[in-house]
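What you see is a predicted model, and the numbers here were worked out from it, not measured in a lab. We use all heavy atoms of the structure for the numbers below, so side chains are in, but hydrogens, waters and symmetry mates are not.
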Amino acid sequence: MLGSVNSMFGNSIAMSDDGNTLVVGSPNEANGDGSIQIFAFDPASKDWISSGKFLGEQFSSAGTAVAISGDSKTVAYGLPTLNNFNTGI
């Protein structure tokens, strides 16, 4: 599990209650658009498998903050610089 150079991979992390789903934020990926990656633990291989990646909108810094529900069915993340630093979500 590695992020790209200067992506700030791991700036924010969250784990489900059972410890089998991990969400990792990389707010500087793609020149500040940011990304969120979801990993699932595979007990057979004892490794984390990528199960999804979401890219932020232009200069939104997606992944500055991430959260996951205890049952791992809901993921939330912040977009603090969406709309050219004026608003954010």
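Residues Ala40 and Ser51 come closest through the heavy atom pair N-OG, 4.1 Å. In terms of heavy atoms, Gly63 sits closest to Pro27 at O-CD, 3.8 Å. Between Ser26 and Gly10, the shortest heavy-atom contact is OG-N, 4.4 Å.
Ile49 and Phe39 end up in different hydrophobic clusters when Ile, Leu, Val, Met, Phe, Trp and Tyr side chains are linked at under 4.5 Å.
A donor and an acceptor atom, one from each side chain of Glu29 and Ser7, are nowhere located under 3.5 Å apart. Looking only at atom types and distance, the side chain of Thr81 has a donor-acceptor partner in the side chain of Ser61 under 3.5 Å away.
Looking at heavy atoms from C-beta onward, Val66 lies out of side-chain contact with Val24 at the 4.5 angstrom threshold.
The local environment of CD1 in Ile13 is sparse, with at most 12 non-hydrogen atoms from other residues, nucleotides or ligands closer than 6.0 Å. The number of heavy atoms from other shown groups lying within 6.0 Å of CG (Asp18) is above 12.
The OG atom of Ser72 sits 11.5 Å away from the CG atom of Leu22 when rounded to the nearest 0.5 Å. We find the CG-CG distance between Asp17 and Asp71 to be 8.0 Å, quoted to the nearest 0.5 Å. The CZ atom of Phe59 sits 14.5 Å away from the CG atom of Leu79 when rounded to the nearest 0.5 Å. Rounding to the nearest 0.5 Å places CD1 of Ile68 at 5.0 Å from OG1 of Thr21. Remark: Glu57 CD to Asp33 CG distance equals 9.0 Å, nearest 0.5 Å.
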Which is it for Thr64 and Tyr77 under the side-chain contact (heavy atoms from CB on, under 4.5 Å) test, yes or no, and what are the steps along the way? CA-CA 7 Å; Thr64 300; Tyr77 58 92; over 6 Å; no
Hey, mind stepping through Gln37 and Phe9 against side-chain contact (heavy atoms from CB on, under 4.5 Å) and telling me if it holds? CA-CA 9 Å; Gln37 290 180 275; Phe9 180 84; 3.1 Å; yes
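Distance alone, capped at 3.5 Å, places no donor-acceptor pair between the Asn11 side chain and the Gly25 backbone.
For Phe41, the side-chain contact (heavy atoms from CB on, under 4.5 Å) test picks out Asn20, Pro43, Lys46, Trp48, with sequence neighbours left out.
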